[in-house]
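All remarks here apply to the structure that follows.
Every chain is numbered from 1, with letters handed out A, B, ... down the list of sequences. Atom set for the values below is all heavy atoms of this structure, side chains included, hydrogens, waters and symmetry mates excluded.
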There are 2 protein chains.
Amino acid sequence: MDIRTLCLGILSLGEATGYEIRKMVTDGSFSFFSEASYGSIYPALTQMTADGLVACRAESQTGRPDKKVYSLTADGRKALEQSLTAAPGPDRHRSDFLAALLFAEAVSPDRINALIHDRISEHDEQIALLKGHLKDEQGTVARFVLEYGLVMQEAARRFLKENRARLSPAPEKQTG
Amino acid sequence: MDIRTLCLGILSLGEATGYEIRKMVTDGSFSFFSEASYGSIYPALTQMTADGLVACRAESQTGRPDKKVYSLTADGRKALEQSLTAAPGPDRHRSDFLAALLFAEAVSPDRINALIHDRISEHDEQIALLKGHLKDEQGTVARFVLEYGLVMQEAARRFLKENRARLSPAPEKQTG
DNA sequence: GAACACATGTAAGAAGTTACATGATTAT
DNA sequence: ATAATCATGTAACTTCTTACATGTGTTC
C-alpha cells in the first residue's frame, strides 16, 4: 500500500491533518499494518491537493503553523476505489519475525527461544491493544479488521507457546 | 528484512546462485513472507563478496554465463546473527488486504465481498502450498515456520468464512 | 519457430526514510 | 530547564523495482 492510497483511505474515514495521519499510522489502530513518516505524508498531501484528490482547509492557530485539515473529494474517492480494487495480487506476509526464525537455526540455538519469547510478548501487547480498540464504537468494517487481526495474533500466540519446546528442547534431565 | 540479510539467511541454509535465490523468494517457501528482484539480489551478492561475507565459486558451463555459487563465510554468519538479533522492533503486519478492507466501507459495499472472497481463495492456495512443503523433509525451524504460517492462514480463513455475512448481509428474504 | 527456463548483470527511476529546520506550549 | 507534544515542511540519502541487455538450451 503506497502512501497516497493510505492517506486517501484514512481521509475516507474522516478529515484529518498530516500530523494526525502520522499519529494514526504509528500509534493508532493503523499501526497494526502500516507505517509512514512525515517525509512521505506531507508531500503526498500537497501533491494530492494539487491533483484535486483532497481538499485543504486552513485553521489559523496562535504560535503554531496553520493547521491544514484535509478531506476527501469526489475525485479522491474515485482514486481510492481504483487503488483498492486494482489487481490485488498475493499480499505476502512480509514478516521479519518469520524470516528471522527461519534463519535462526543456523545462527545460534539460544536466540530462538529469546526471539519467540519476545514475539509472544508482542502478541500479548497487540492483543491488548486490539481489544482496547474494540471497546470504542467503530464501523462494521473497522471492527471486522480488528477482530481479524486479533484472531491471527491469538492463533500465532497459541502456536508459539505450544510448540516452543520443539525448537529449544530443555536438557533431558527428567525423562518420562 | 533487507536484501543482504535475506541472502545471508538463505545461504545459511546452503550454497546457492543468485538465480536460485531469486526462485526461492518468488516461488519457494520464502514467497510466503518475502520478495526480491534480480536488480537487488545480484548487486547485494557482489558487494557482500567484496566485503568478505560470502564466498563465490565459479562453475563453468557451456553456452551459459558461469554459474556463480555463493556460500556463507564466518564473517557472513556473524553479520547475519547481528542483523537478526539487532533490535527486532514491532514487526508490523504490513498487509494490503487488511488496509484495503478497512477502507473498503467508504468505497463500495459490493467490493468487500469480492475482496474477502479473493482472500479466502488465496488462503486456500497458500494452505495447500504450505502443506505441500511440509511433506519434504526440512529442518526443525523451517517446519516450525511453515506450520506457523499454516496456523495463521487457517485462522484467517476460518474467521473470514464465518464472519462474511456480517459485512455483506444478504437481503433478508427468508427470516428465521 | 515461439515461448520459456537458465544465468548474470546494469542503469534509470520510483518510493520512502532520516535528519534537518523552525518555533510555541505544556508537562516533569 | 529539559523534554515532549503540537505542527509543517525540505533535502539528501537509501533501497529497491522495472526495464533493458545478452545469449544458449529445451519444450510445445
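Within the structure, the ring-ring contact (aromatic ring centres under 6.0 Å, His included) test picks out the following pairs touching residues 41-83 of chain B (sequence neighbours left out): B:Tyr38-B:Tyr42.
Rounded to whole Å, the distance from CZ on B:Arg57 to C1' on C:dT8 is 17 Å. The distance between atom OH of B:Tyr42 and atom P of D:dC16, rounded to the nearest whole Å, is 17 Å. Rounded to an integer number of Å, the gap from B:Leu45 CG to D:dC16 C1' is 15 Å. The separation between A:Glu59 atom CD and D:dT8 atom P is 10 Å, rounded to whole Å. As rounded to whole Å, 14 Å separates atom P of D:dG9 from atom NZ of A:Lys67.
Taken from OG1 in A:Thr49 to NZ in A:Lys68, the straight-line distance is 7.5 Å, to the nearest 0.5 Å. B:Ile41 CD1 to B:Thr46 OG1: the interatomic distance, rounded to the nearest 0.5 Å, is 11.5 Å. Note that CG of B:Leu8 and OG1 of B:Thr73 are 8.5 Å apart. Values are rounded to the nearest 0.5 Å. Rounded to the nearest 0.5 Å, atoms CD (B:Gln82) and CZ (B:Arg77) are 14.5 Å apart. The CD1 atom of B:Ile21 lies 11.5 Å from the OG1 atom of B:Thr26; values are rounded to the nearest 0.5 Å.
Between A:Gln61 and D:dC6 there is no side-chain polar atom (N or O) within less than 4.0 angstrom of OP1 or OP2.
For A:Glu20, there are no salt bridge (Lys or Arg N to Asp or Glu O under 4.0 Å) partners two or more places apart in sequence or in a different chain. Applying the salt bridge (Lys or Arg N to Asp or Glu O under 4.0 Å) test to A:Asp51 and every residue at least two apart in sequence or in another chain returns A:Arg4. Among residues two or more places apart in sequence or in another chain, the side-chain contact (heavy atoms from CB on, under 4.5 Å) test is passed with B:Thr5 by B:Met1, B:Asp2, B:Leu80, B:Ser83, B:Leu84. Every residue two or more places apart in sequence or in another chain that forms a side-chain contact (heavy atoms from CB on, under 4.5 Å) with A:Lys23 is listed here: A:Tyr19, A:Asp27. Scanning for side-chain contact (heavy atoms from CB on, under 4.5 Å) contacts around A:Ile3 gives A:Cys7, A:Ala36, A:Ser40, A:Ala44, with sequence neighbours left out.
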>> So if I define the base as every atom that isn't primed, P, OP1 or OP2, how would nucleotides 13-22 of chain C read as a B/S/- string at a heavy-atom cutoff under 4.0 Å?
In response: ---SBB----
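Only A:Thr17, A:Gly18, A:Tyr19, listed by number, bring a heavy atom of residues 7-22 of chain A to less than 4.0 angstrom from any atom of DNA chain D.
The same ILVMFWY cluster, assembled from side-chain heavy atoms under 4.5 Å apart, contains both A:Met24 and A:Leu6.
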Taking only N/O atoms, report every protein-nucleotides 24-28 of chain C pair under 3.5 Å with atom names and distance.
from   : atom 1 : to      : atom 2 : distance (Å)
C:dA24 : O4'    : A:Gly63 : O      : 2.9

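Recorded end-axis angle for the helix from C:dG1-D:dC28 to C:dT28-D:dA1 stands at 40°, based on five pairs per end and rounded to 10 degrees.
Checking D:dA7, C:dA7, C:dC6 against every side-chain atom of B:Lys23, the shortest atom distance belongs to C:dC6.
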Scan the side chains in residues 52-61 of chain A for donor-acceptor partners under 3.5 Å anywhere in the protein, sequence neighbours excluded, and list what turns up.
from    : atom 1 : to      : atom 2 : distance (Å)
A:Arg57 : NH1    : A:Glu59 : OE2    : 2.8
A:Arg57 : NH2    : A:Glu15 : OE1    : 3.1
A:Arg57 : NH2    : A:Glu15 : OE2    : 2.6
A:Gln61 : NE2    : A:Pro65 : O      : 3.3

